[in-house]
J.: 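The following block contains the structure, expressed as structure tokens.
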Amino acid sequence: MQGDLERVLFPAERIAARVVELAAELRAVYADRELTVVPLLHGGLFFTADLLRALAIPLRLEALTVASYHGGTTSTGAVSFLQQRLPQVAGREVLLVDDILDTGRTLSAVKRRLEAECAPLSVRTCVLLDKREARVAPIEADFVGFPVGNEFVVGYGLDHDGHYRNLPEIGVLRAG
Ligand code: IMP
Ligand code: MG
């Protein structure tokens, strides 16, 4: 699996160190608040699991599964919600967590829907990677691990056709 990478962009140790820093940023904002963390599955799973274990404040965990449709390695823009019930977050501070902010369509659709239908106190967003050049929807994440260039990356939750999510590092696939 590792052999399929052309380049490693973020080794596991670098990710782990940044996750601890992000947890400290989050603790400063959310200590003593009614925090509910909502990872977007499946991509946000690994990042969220590590982030929350470094966070050490009281919180609740929900999850959302959304499908953002991709033609190969590019997003087509349609976002659909794959569960019947939205998270119960009325009156709570919500932190949406995803692996990567690319066009921004997914996070902005989820944020808008939660705000419109779930009466949260606030909705902020946290992503490990921010592909700024690819942005189409008007959204910036409140907490960002690393900026990344406009290339397709895999590992640490990020997949290509369902593969490579469990790579401990993040990198670029070898062509072909
Ligand atoms: P957006 O709606 O275009 O911001 O897309 C967000 C989703 O697209 C993320 O949750 C990822 O699942 C996927 N995605 C975007 N860029 C990449 C990438 O470089 N590698 C793997 N998945 C990606
Ligand atoms: Mg995803």
Side-chain angles (χ1 to χ4, degrees), residues 1-26 29 37-52 54 63-82 94-115 123-176:
M1 214 171 46
Q2 259 94 354
D4 295 349
L5 291 184
E6 176 188 285
R7 257 176 310 132
V8 172
L9 298 181
F10 304 102
E13 312 75 58
R14 189 153 171 231
I15 297 170
R18 185 67 188 122
V19 164
V20 168
E21 291 174 359
L22 279 173
E25 288 179 38
L26 292 169
V29 173
V37 177
V38 182
L40 302 194
L41 303 182
H42 309 308
L45 183 61
F46 294 80
F47 176 39
T48 303
D50 288 340
L51 187 64
L52 296 195
L64 271 175
T65 306
V66 293
S68 336
Y69 292 96
H70 290 268
T73 57
T74 52
S75 168
T76 59
V79 177
S80 68
F81 289 72
L82 303 184
V94 174
L95 182 69
L96 289 171
V97 183
D98 205 0
D99 47 7
I100 188 165
L101 189 55
D102 184 20
T103 65
R105 287 176 174 130
T106 306
L107 265 188
S108 65
V110 172
K111 186 174 182 208
R112 259 187 282 116
R113 178 132 187 227
L114 289 186
E115 285 170 345
V123 180
R124 293 187 186 86
T125 54
C126 177
V127 295
L128 182 63
L129 302 181
D130 183 0
K131 222 187 246 187
R132 292 194 178 126
E133 288 166 52
R135 199 78 83 257
V136 174
I139 183 168
E140 293 306 328
D142 297 288
F143 304 92
V144 173
F146 304 105
V148 69
N150 197 1
E151 54 189 348
F152 196 81
V153 295
V154 297
Y156 198 70
L158 294 144
D159 73 302
H160 179 251
D161 279 344
H163 297 291
Y164 305 108
R165 291 195 197 275
N166 58 328
L167 272 180
E169 64 269 38
I170 294 172
V172 179
L173 281 176
R174 202 179 295 286

J.: Measuring from Leu40:CG to Thr65:OG1, what's the distance to the nearest 0.5 Å?
T.: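 Here the rounded value is 8.5 Å.
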J.: Between Tyr156 and Phe47, what is the ring plane arrangement, given parallel below 30°, perpendicular above 60°, and tilted in between?
T.: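 Rings of Tyr156 and Phe47: tilted, 30 to 60°.
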J.: Which heavy atom of Leu9 sits nearest a heavy atom of Pro11, and at what distance?
T.: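 Nearest heavy atoms, Leu9 then Pro11: O-CD, 3.9 Å.
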J.: What heavy-atom pair brings Leu101 and Ala141 nearest, and what distance separates the two atoms?
T.: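 That would be CD2-N, 3.7 Å.
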J.: If every non-hydrogen atom of Ala137 is compared with every non-hydrogen atom of Ser108, which pair is closest and at what distance?
T.: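 Where Ala137 meets Ser108 most closely, the heavy atoms are CB-OG, 3.5 Å.
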J.: Test side chain to side chain contact (heavy atoms under 4.5 Å, CB included) on Phe81 and Val110; report intermediate values, then the result.
T.: CA-CA 9 Å; Phe81 289 72; Val110 172; 4.0 Å; yes
J.: Donor-acceptor pair, distance only, cut-off 3.5 Å: does the side chain of Arg135 make one with the backbone of Ile139?
T.: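 At least one qualifying donor-acceptor pair exists.
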J.: Checking Arg174 side chain against Gly3 main chain: does a donor-acceptor pair fall under 3.5 Å?
T.: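 Yes.
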J.: One pair to check against salt bridge (Lys or Arg N to Asp or Glu O under 4.0 Å): Glu21 and Arg18. What are the steps and the verdict?
T.: CA-CA 5 Å; Glu21 291 174 359; Arg18 185 67 188 122; 2.7 Å; yes
J.: Enter the distance from Lys111:NZ to Leu96:CG here, rounded to the nearest 0.5 Å.
T.: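 Here the interatomic distance stands at 8.5 Å.
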J.: Does some side-chain heavy atom of Leu129 sit less than 4.5 Å from a side-chain heavy atom of Leu158?
T.: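 Yes, close enough: below the 4.5 Å cut-off.
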J.: For a side chain to side chain contact (heavy atoms under 4.5 Å, CB included) check, start with the C-alpha distance between His160 and Leu173, then their side-chain angles and the critical distance, and finish with the verdict.
T.: CA-CA 9 Å; His160 179 251; Leu173 281 176; 3.8 Å; yes
J.: Run Asp4 and His163 through side chain to side chain contact (heavy atoms under 4.5 Å, CB included) and show every step you take.
T.: CA-CA 11 Å; Asp4 295 349; His163 297 291; over 6 Å; no
J.: Ignoring hydrogens, what is the shortest heavy-atom contact between Glu140 and Thr125? Give both atom names and the distance.
T.: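 It is O-OG1, 3.8 Å.
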J.: Would you compute the distance between atom CD of Glu133 and atom CD of Glu151 and round it to the nearest 0.5 angstrom?
T.: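 Here the interatomic distance stands at 9.5 Å.
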J.: Rounded to the nearest 0.5 Å, what separation is found between the CG atom of Leu51 and the CG atom of Leu26?
T.: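 Result: 5.5 Å between the selected atoms.
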J.: Measuring from Asp98:CG to Leu45:CG, what's the distance to the nearest 0.5 Å?
T.: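 Here the rounded value is 11.0 Å.
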J.: Are any of the side-chain heavy atoms of Phe10 and Val153 separated by less than 4.5 Å?
T.: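 Not touching, per the 4.5 Å side-chain cut-off.
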J.: Sort out for me which residue in Asp99, Leu22, Leu107 forms a side-chain contact (heavy atoms from CB on, under 4.5 Å) with Val127.
T.: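 Option passing the side-chain contact (heavy atoms from CB on, under 4.5 Å) with Val127: Leu107.
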J.: Looking at CG of Leu64 and OG1 of Thr106, how far apart are the two atoms once the value is rounded to the nearest 0.5 Å?
T.: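 If I round to the nearest 0.5 Å, the distance is 11.5 Å.
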J.: Which one of Val8, Leu128, Leu5, Val154 satisfies the side-chain contact (heavy atoms from CB on, under 4.5 Å) criterion with Ile170?
T.: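 So the option named by the test is Leu128.
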